[in-house]
Amino acid sequence: MVQNISVPDIGDFDSVEIIEILVKVGDLINKDDPIVTLESDKSSVEVPSPIAGKVSELNIKIGDKVSKGSLLAKLESGSPSVEVQKEIYKDELKVEEKINPKKIQIQKNSKKIFIQPSTGEDIDPVETKEWIESLNAIIENDGPSRASYLLNKVVSQAYTAGLVLPDTRTTPYINTIPTELEVKSPGNQNIEKKIRAYVRWNSAAMVVRANKISGELGGHIGTFASAATLYDVGMNHFWRSKSKKFGGDLIYFQGHSAPGMYARAFLEGRLSEKQLNRFRQEVDSGGLSSYPHPWLMPKFWQFPTVSMGLGPIMAIYQARFLKYLINRGLLKDEGRKIWVFLGDGETDEPESLGAISLAAREKLDNLIFVVNCNLQRLDGPVRGNGKIIQELEGSFRGAGWNVLKVIWGSYWDPLLKADKTGLLMKRMNEVVDGEYQAMKAKGGAYVREKFFGKYPELKELVSSMTDNDIWKLNRGGHDPHKVYAAYHAAMQHQGSPTVVIAKTVKGYGMGKSGESINTTHQQKKLDEQDLLYYRDRFNVPLTNEQVKNIEYYKPAENSEEIKYLKERRKQLGGFIPERSSFAKPIKAPPKDIFESFMKSTGDKEMSTTMALVRMLTNLLRDKNVAPRLVPIIPDEARTFGMEGFFRKIGIYAHEGQKYEPEDSEQLSSYKETKSGQVLEEGITEAGAMSSWIAAATAYTNHDIEMIPVYIFYSMFGFQRIGDFAWAAGDAQARGFLIGATAGRTTLAGEGLQHQDGHSHILASMIPNCVSYDPTFSYEMAVIFREGLRRMHEKNENIFYYITAMNENYSHPEKPDGADEGILKGMYLFKEYKNKGKIKIQLMGSGTILREAIAAAKILSEEYGVDSDIWSVTSFNELRKDGMEIERRNLLNPSDKKEKSYIEKCLEKRDGPIIAVTDYVRAFSDQIRPYTDKPFYSLGTDGFGRSDTRKNLRKFFEVDKEHIVAYTLSALAKEQLLGSDSAEKAIKKYNIDKKKAFPTKL
Ligand SMILES: Cc1ncc(C[n+]2csc(CCOP(=O)(O)OP(=O)(O)O)c2C)c(N)n1
Ligand SMILES: [Mg+2]
């Protein structure tokens, strides 16, 4: 049967052009195979075939304008279709979704409830008691689930009856897991205690030794001292490393706890004593970096975390990206977990908590946060007048997380059990963190008086305990049993992320030199007495002499401690942290994918953004590249003309689409799907950038090379999330950042906050960021293709920043031999060489190159000045080359001088340089030192404002008229021309000499 294939509903567009025909008569095609590509003035979109069949007739040609209902082709249905397109993904999708046998069983009935005995205004204690006894009876006879169910019913009934119930954001200030439900650690506590003591000692010794070498060096002792148990339990029992059989858990270590990780690696035999002695001395190779920096220790550290707040949000998006890879069939579901360590002070950073609701919404049960609540940050208490643990519990519970509080250690258990009236819990609830901190600084007698002394019953409760016994009442985060139980529960939990909120003591074990005192954070010196105290506190088997020499302690290889520690890691698959990559490179696509961009567009106008989107559409037809592309958009797809991607490759949604979208009939309908490829992030640049980083480092964290393309308003890129971009450089991210709607005058109407005149300067500061400001579609194509080759085929650890504009214009054909120059940063676009005329070297980039081209014509025709017109695709790359060559020449003063690429381009060319861009002058000024020609730059320094492009270019003096006038004036200054030409031009173009410099306006 022959069926007509027509243009479906294409939204608001009418009469759009056919720019590609993707099938021929006789082709066998599948349902959803693209037939043609349509392009409006804003976006291009493929039309898929609604059925499978054989193309029997084509009713259109390239250039035709079509609307909804226009006939495109005829198809004979019923003929056997070939699985052409599906082939592309075949290899990728064949990942078996085996459930890992190691996956931990869910513990049924693990929901806990709290019975808070009433105190105070109880008008009928007998009745209260009856209620509580009923509840206890239900828990005992029918189990906690039933009790929970009944309570929920009662609470719903209470709401229906209009009762005002107490705020339930927080639970009492006790451990979430009752003692009876704690799962016991299978470890040998004696040995683990010793190992922990050695790690503690070596980590402190390493810092103190570094500080002895120079007061400039040192590090942090107090942070790891407070977190040692939290890490140790994970290392001994939970964190599975990457192996042949398993992808590995990913651990984000708190940045300034790094000494503890080195100290453990030393015991494991991974780092030598010599390396520990080189902590914070990295300039000659072999040193250890202050904090986790993959760039500096590429085989060790995986995640840069020390800029506070970045670790938590990057980890959330990492966990989401792991689910994305699984749901797209690119990775097996092995039950891998992402663990994230952060300080309680760090939760002040908006980034730390900013994405926690996303984590719950996406049901990231592969994510476990551990917040080390030592109650202090750098200067003093985190919440002296309140309780950080309760505050965090409220935030996380409110967001939908599973919250596990680990507040009190085992020594408190008998006291809590003996607390029949609930008074102890009341006291625990009422003391604020400032007091809790002071108590740990001031000893047992102080605690007896200030904590228990408030109520006679509590004083009585501890009357048989010595001050020392009271002092030993430990906090949960220092108790390996409590920590184990919490981690175990976190591993089992399903359906939402978990946060373990652990209470600890900052500088634990440091005594008067640092335990719980406000100055702990920066303590990097310990005198002999302090060190002896520390040794005794943890029973480290070192003599006084060895302590005096600050020796490390490492038991013999065949000691039970080392054997135990290595065996534990062996059982868990290997060492952590460790960074490696077994990802296969992606073959760069063939030239023909980019061929159409090398030709002139004739009269057809388009923006470089459109060209890029078209390029991505083409790339989705390349079998190697297509499945690996990760388009990332922060709610701007329509702005960039990318809505065609919605239906074509789907928007990732872990729950699929539970509704019929409003625009379901349309070609670009909003299609959410579990296997969707687009990451539609919503309005969060920090989140989108975190997704990009996860995808851009998938080659090491998941052993699969991905190609993330994050496209954003260029002003909301580096300026907004610059620190993430820096961390991306550290993490050796590979991928594309596209700063769209770029240029201070090109994004016309949007005004001051939107118009970007400096993102390239910010990008240039990141050493491994390669950046370009192309003007024409062929430049974009050459640059993008090379980016794919360098990053994803050759695996260079660089990332690309490319600006794309929204100004429509026609694009010329690529000049012969331009490729090399496009990539190096400049090439000769055009030259005027009328004999005898004065010459200038005119440089431009982005859309402003077109103003320069127009100015060159005027200069030649009206003023007798000829130009060599250079398209400068990257002032940043030119500067890098210039700096390197200059350095080499200075280091080799007797050798023949090497020429920079700029010098080579300009060596046989005359005249001063006039450089003009849509960015601040500092952008083009970067190359000034690398040429001996006179140099004049024009740019868009100052705040933007909204107006038309023409008016903005006039305001910032980068339009063709200003280029002409300033060029003539520069020539006068160089005494190559009289000043009258410039004066004439200034007058002719009504240039106001009295107007203030735009930075002052
Ligand atoms: C973005 C950022 N701002 C400031 C710092 C400096 N800094 C390092 S540690 C620290 C205090 C950390 O307190 P907390 O998070 O409670 O960690 P703790 O050491 O107490 O475990 C500060 C302010 C930083 N590393 N990053
Ligand atoms: Mg802290």
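In this chain, numbering begins with 1 at the start of the sequence shown. Whatever order the structure lists them in is the order used to number ligands and atoms, beginning at 1. Fair warning: this is a prediction, and the values are worked out from it, not measured in the lab.
With 3.5 Å as the limit, one finds a donor-acceptor pair spanning the side chains of Arg320 and Ser691. If you check the side chains of Thr229 and Tyr508, you find no donor sitting under 3.5 Å from an acceptor. Side-chain contact, Lys503 with Tyr173: a donor N or O sits under 3.5 Å from an acceptor N or O. Side chains of Tyr231 and Ser257: a donor-acceptor N/O pair is present below 3.5 angstrom, by distance only. In summary, the side chains of Arg209 and Asn277 do present a donor paired with an acceptor at a separation below 3.5 Å, with no hydrogens or angles considered. Side-chain atoms of Asp756 and Tyr713 form no donor-acceptor pair, as typed in the model, at a separation below 3.5 Å.
The two residues Leu276 and Met206 come nearest to each other via the heavy atoms O-CG, 3.4 Å. Closest approach of Lys506 to Thr520, counting heavy atoms only: CG-CG2, 3.8 Å.
Applying the 4.0 Å criterion to heavy atoms of Glu346 picks out, from ligand 1, the atoms 14 (P), 15 (O). For ligand 1, the atoms closer than 4.0 angstrom to any heavy atom of Lys506 are 18 (P), 19 (O), 20 (O). Taking every heavy atom of Leu378 and a limit of under 4.0 angstrom, the matching atoms of ligand 1 come to 11 (C), 22 (C), 23 (C). Shown in contact with Val306 at under 4.0 Å from a heavy atom are these atoms of ligand 1, numbered in order with element: 24 (C), 25 (N), 26 (N).
Within a 4.0 Å radius of atom 6 (C) of ligand 1, the protein has no heavy atom.
The single protein non-hydrogen atom nearest to atom 19 (O) of ligand 1 is Thr223 OG1, 2.6 Å, given as residue, atom name and distance. Annotation: atom 12 (C) of ligand 1 to nearest protein heavy atom, Met308 CE, 3.6 Å. Scanning the protein heavy atoms around atom 14 (P) of ligand 1, the nearest turns out to be Gly345 N, 3.6 Å. The protein non-hydrogen atom at the shortest distance from atom 3 (N) of ligand 1 is Glu349 OE2, 4.0 Å.
Checked against ring-ring contact (aromatic ring centres under 6.0 Å, His included), Phe712 has the following partners two or more places apart in sequence or in another chain: Tyr710.
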- request: I would like to know whether Glu430 and Lys454 meet salt bridge (Lys or Arg N to Asp or Glu O under 4.0 Å); could you show each step before the answer?
  value: CA-CA 11 Å; Glu430 69 193 13; Lys454 169 108 190 253; 3.4 Å; yes

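Considering only non-hydrogen atoms, atom 10 (C) of ligand 1 lies nearest to His521 out of His521, Gln254, Glu351.
Contacts between Asn374 and ligand 1 below 4.0 angstrom, taking non-hydrogen atoms only, involve the side chain exclusively. Proximity of His220 to ligand 1, defined as any heavy-atom pair under 4.0 Å, is not found for any part of the residue.
Under the 30°/60° scheme for interplanar angles, the aromatic rings of Phe396 and Phe369 are found to stand perpendicular.
Checked against a 3.5 angstrom limit, the closest N/O atoms of His256 and ligand 1 fall inside it.
Aromatic ring centroids of His237 and Tyr487 lie 6.0 Å or more apart.
For the Mg ion (ligand 2), the set of protein N/O/S atoms nearer than 2.8 Å consists of Asp344 OD1, Asn374 OD1, Gln376 O, ordered by chain and number.
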